[in-house]
Amino acid sequence: MIDATREDRLIDTFATLADTLVAGYDVVDLLQTLVESCAALFDIAAAGILLADGDGELEVVASTSEASRLVEVMQLSARAGPCVECFATGAVVSLSDVENSPPAWQRFRDSAREQGFAAVHAIPLRLRETTIGALNLLSTVPGTLRQQDVRAAQALADVATIGILQERTLRESNSVREQLTNALTSRVVIEQAKGVISHSRGVSMEEAFVLLRNYARSNRVMLSQVAQELVDQTLVI
């Protein structure tokens, strides 16, 4: 069982992470809070997080020390190591002794040994079937994490994952909302431009729209831009 003091600290950590999930929060700050909390809560020497970019490539976004950052960078450069496998499988990957790394992880093993790390535990940042990165917990002595620590670390990683995905959703929804607003504004301008053409050419609104669209296409200019120039009287069709 987690002792009372550590349990209190764990609760405080969840509360701190929850407090960061407010409007305008910074994802990097959230993840930095996570790695620093893990280093304080668990029997490890350092922690770091890698997130996948839009192309699925992992990048270091937070770490408690330059040493852990170097190990993670080596994992990426070698495309092999606990964190990479964790991201690929969406499962916890524990390496209790880096000396027992498989041959394909040789560059990772050499880098970890050079930085003084003897064991690594990679926790996936996932929500259901979506894995967006991995949390690395590094120790200077061989050994495994207690099962309750693994569960606690996974729970903290889950909170961070929800926060990241929420931020992405909000950003995307804001983008969609902005695009919708622009589209609606453009539609108003296009209607005004149709009126200008209809009046100047003595044609119907439908014919005016055809003239407007054909001009935009033949000149490879956005319809909304042509419409705005007509309304501003800087263009005559």
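Source: prediction; values computed, not measured.
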Check whether any side-chain heavy atom of [X] sits under 4.5 Å from a side-chain heavy atom of [Y], and report yes or no.
X: Val226; Y: Ile237; answer: yes
X: Val189; Y: Ser224; answer: no
X: Phe87; Y: Leu50; answer: no
X: Val221; Y: Tyr215; answer: no
X: Trp105; Y: Pro82; answer: yes
X: Leu135; Y: Leu156; answer: no

Legend entry - Of all pairs that satisfy side-chain hydrogen bond (donor to acceptor under 3.5 Å, both in side chains), the ones with a partner from residues 116-126, not counting sequence neighbours: Ser94-His121
Legend entry - side chain to side chain donor-acceptor pair (under 3.5 Å) involving Gln192 - partner list, sequence neighbours excluded: none
Treating Ile, Leu, Val, Met, Phe, Trp and Tyr as nodes and any side-chain heavy-atom pair under 4.5 angstrom as an edge, say whether [X] and [Y] lie in one connected cluster.
X: Val231; Y: Val203; answer: no
X: Ile123; Y: Val61; answer: yes
X: Leu211; Y: Val196; answer: no

Legend entry - Qualifying residue for side-chain contact (heavy atoms from CB on, under 4.5 Å) with Phe117, from Leu138, Val98, Leu95, Asn136: Leu138
Side chain of [X], backbone of [Y]: donor and acceptor closer than 3.5 Å?
X: Gln154; Y: Pro124; result: yes
X: Ser96; Y: Thr144; result: no
X: Ser198; Y: Lys194; result: no

Inset, instruction - Run the salt-bridge test on Arg107 and Asp110 with the 4.0 Å N-O cut-off and return the result as yes or no. - result: no
Side-chain donor/acceptor pairs under 3.5 Å, residues 42-49, sequence neighbours excluded:
none

Inset, instruction - First locate atom CZ of Arg151, then atom CG of Asp158, and finally report the distance between them rounded to the nearest 0.5 Å. - result: 12.0 Å
Legend entry - Straight-line distance of Glu99 CD to Arg113 CZ, nearest 0.5 Å: 4.0 Å
